Amino acid sequence: MYKPIKYFEKGLTYLARGTWAVFERANRIRQNPGFIPNWSDQPLLKSYQKVKPPLGWPRTTDSLCPKCVPEIRQQIVDGKLPHEILLNERVGEIKAQIIERDGKILMVKDCPKHGHFEDVMAMDPDFFRHLEEVFPGSDIRSHNDETLHDHGSSTIKYGRGSVLTIDLTNRCNMMCDPCFMDANQVGFVHELSWEDIKTMLDNAISLKPRRQLSVQFSGGEPTISPYFIDAVRYAREVGYNSVQAATNGIEFAKNPEFARLAAEAGLRYAYLQFDGIGNAANEHRKVGNLFDVKLRAIENLHNAGVEIVPVTTILNGINNEQVGRIIQFALDNPRKIAFLSFQPVSFTGRDEEITDERRHAQRYTLSHLAHDVKNQTGLGEPTRDWFPISFMGTFSDWSDLVHGPANDWGSLNCGCHPNCGVGMAVMIDKETKESVPVTAFLKGEQLSKDIMKINDAARGKWLSIFGMALALMKNYDPFKAPTHFKLLDLLQKFDKTWGATGRDYGKVSGDRTEEDIKKRRQDRWNFLFIAGMWFQDLFNYDFRRTERCIIPYATQQGEISFCAYNTGMGWRNIVEKMHMTATLTKWYEEHGRHEIFAGGKSVHLNSTEHSLKLDEAIITLDVQHDLDELGIAKTAREEKLRAQRERLKQQQENERMAKLYRQHILKEDGEEPPKLVQLQPGSAKTPKQEITPAGFGD
């Protein structure tokens, strides 16, 4: 039985539709031009001015050969080719077609030297089509960026990005497989100095449009850098209000004081590696008690005031069965988890030389994710509730309009290619744990179209806010919302997210206090965002995605697209070798060896206590066995061991066949053939000798 307020709210939605019809017609009259804000030298874009890449299929794009690129990269790393070749030539590049075949979307391409390659882009064409159809277009073109964006065909061209990544060190305290940077295996240390860190953060502010992107310190494991806390503090000082750490959580789990110091310095988010529920689900990371580490890290970080984002690298046959369990874990703990990031595996780093057999078996796409969420949790319809993360760009445009030209920072804008990332928002009642996808009760696609009309009119702050309120109300269905959710909650949630009216929900700026954190956490409703970010590898590389990258890497050679840095031409290998700190031998002599948890070694924890709700039914007690049943290797390490065994087996077989040949064809007795006798100068006579067949060809 619905509460009376639901019927009242339904009436308001009808009223809002009528009011919207009048408002929208009036808004078409003498629309204002887009203004130029302080944070850009170019005006805000109208929806019809936004650039889009070629979409739909079949289509042709620019890609890379998975065999040519590693060869060329190695020549650059070895000093046989200058790195400038990547700026001036299209080395390793080939054309690719994106097509539909047998109910799947594929990328197919041919290299004149290495032949044919193909890989799956999506296992659901309708889902793939939906993502591309609702893509709103790219952000303002990057400018004032000549010194930071100069990487040939890999250059970022649009927007400012959403997450500026800075690798503090390539050292790590784990030996993960997969690992896109091949940590602890490259034979040298690349670790940023304090001057490097400050320079990168200072440079990042100079680029326009200057948006309030997040700064994420990564690695390796960033917490083992001696400058981690200082880097967090400096990032907040120069103006970034969202500072993150991409971490395995070991240091935070071991030491609550370390978590407190990081929070005091300004750490707002911990992107916590989190591959499943239970130690068995994390077994492929080869740390004996890794799940216990995660729980303790969440406890310490949350108590310190840091928000936690579990980040899951998904591989078919390894942990794809964990998707639903991880989401259930978040649903059970809405006061501690407000964001989930699933990252389908990118076959690069340790996995760049993957066999076709394992690649096809382990390939996981964003369409897999949407369907796994529905099948494993019952949450969400793939083509109704999932959108490209760039879909939020329309809302960012509205925020920029509302905050006006005097603002020093633009809103965060996720303007990436629709094939890069997706998301589904779920509204959770923290008290009852009831959860409903937001777009089940709010017409997302129509809402976006309505907001575009508000943005294109470019009215003043309060008219734009009024228009947003009408758009939310007319697209809201109170009967499909959570039981206790009210229309007022929806309006406040949007206001809290975008800071439109100036109401105090708790500051997020660098001077935020514990009271601000508590105030923001008091909200009864958790807006859980389930995201999927699919980084490219050489088998599905698309330069139309690279030029719209929203996760640039700040390096000593400028800011480089995430995929161009870690996959693509592999700028990481080149930059780190160019700016190498020391060889491993030299580093160990001067600094000693840091502790590495691998081979099943456990992390010593002073306590394993936590206040998280952990349902026994979702704890995994055994590893996933799909690939075992198929006889396919699970990791690059296992693949190499199998290859070594196969080579040894082949060598033994060759020796056995050679022995049989000598015995049965050449009629040898199996003993060592006599050695040839060399005549000595001046000998009176030639000793009798036998020249055996084994001597020929030596």
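Everything quoted here is computed from the prediction, not taken from an experiment. Along the sequence shown, residues are numbered consecutively beginning with 1.
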Quick one: list whatever passes salt bridge (charged side-chain N to carboxylate O under 4.0 Å, His left out) with [X], sequence neighbours left out.
{"X": "E595", "value": "K601"}
{"X": "D119", "value": "R359, R363"}
{"X": "R211", "value": "D139, D400"}

> Going through the distances and angles, do R171 and E191 end up as a salt bridge (charged side-chain N to carboxylate O under 4.0 Å, His left out)?
Replying inline: CA-CA 8 Å; R171 295 185 298 132; E191 190 153 300; 2.8 Å; yes
> Is there a side-chain contact (heavy atoms from CB on, under 4.5 Å) between Y269 and V306 once you walk through the steps?
Replying inline: CA-CA 6 Å; Y269 291 102; V306 179; 5.5 Å; no
[X] vs [Y] side-chain heavy atoms within contact, under 4.5 Å:
{"X": "K157", "Y": "H149", "value": "no"}
{"X": "R545", "Y": "Q536", "value": "yes"}
{"X": "S367", "Y": "V422", "value": "no"}
{"X": "F217", "Y": "Q244", "value": "no"}
{"X": "I36", "Y": "Q42", "value": "no"}
{"X": "T223", "Y": "F252", "value": "yes"}

Please confirm whether the ring centroid of [X] lies under 6.0 Å from the ring centroid of [Y].
{"X": "F128", "Y": "W57", "value": "yes"}
{"X": "F543", "Y": "Y541", "value": "yes"}
{"X": "F539", "Y": "F347", "value": "no"}
{"X": "F391", "Y": "W386", "value": "no"}

> Looking at D542 and K109, does any basic side-chain N land under 4.0 Å from a carboxylate oxygen?
Replying inline: no
>> Please determine whether a side-chain nitrogen of the Lys or Arg among K294 and D275 lies less than 4.0 Å from a carboxylate oxygen of the Asp or Glu.
In response: no
> After noting the C-alpha distance and the side-chain angles of I197 and L201, does the key distance pass the side-chain contact (heavy atoms from CB on, under 4.5 Å) rule?
Replying inline: CA-CA 6 Å; I197 296 167; L201 288 168; 4.1 Å; yes
> Could you walk me through whether E132 and R59 pass the salt bridge (charged side-chain N to carboxylate O under 4.0 Å, His left out) check?
Replying inline: CA-CA 13 Å; E132 297 194 343; R59 70 175 184 259; 2.9 Å; yes
> Going through the checks in order, is the side-chain contact (heavy atoms from CB on, under 4.5 Å) test met by I308 and F274?
Replying inline: CA-CA 11 Å; I308 297 96; F274 196 92; over 6 Å; no
> Can you tell which of R73, M578, E576, H83 makes a side chain to side chain contact (heavy atoms under 4.5 Å, CB included) with W571?
Replying inline: H83
> Can a cation-pi geometry be assigned to R141 and Y158, taking NZ or CZ under 6.0 Å from the six-membered ring centre and within 45° of the ring axis?
Replying inline: yes
>> The test is side-chain contact (heavy atoms from CB on, under 4.5 Å); show your working for R268 and R512 and say whether it passes.
In response: CA-CA 10 Å; R268 187 174 172 195; R512 70 172 183 161; 4.0 Å; yes
>> Can a side-chain donor-acceptor contact be found between Q343 and T312 if the only test is distance below 3.5 angstrom?
In response: no
>> With salt bridge (charged side-chain N to carboxylate O under 4.0 Å, His left out) as the criterion, how do K198 and E237 come out once you've worked through the C-alpha distance, each side chain's angles and the decisive distance to 0.1 Å?
In response: CA-CA 11 Å; K198 289 198 297 183; E237 287 175 1; over 6 Å; no
> Is there a salt bridge (charged side-chain N to carboxylate O under 4.0 Å, His left out) between D62 and K95 once you walk through the steps?
Replying inline: CA-CA 5 Å; D62 298 305; K95 293 293 183 182; 2.6 Å; yes
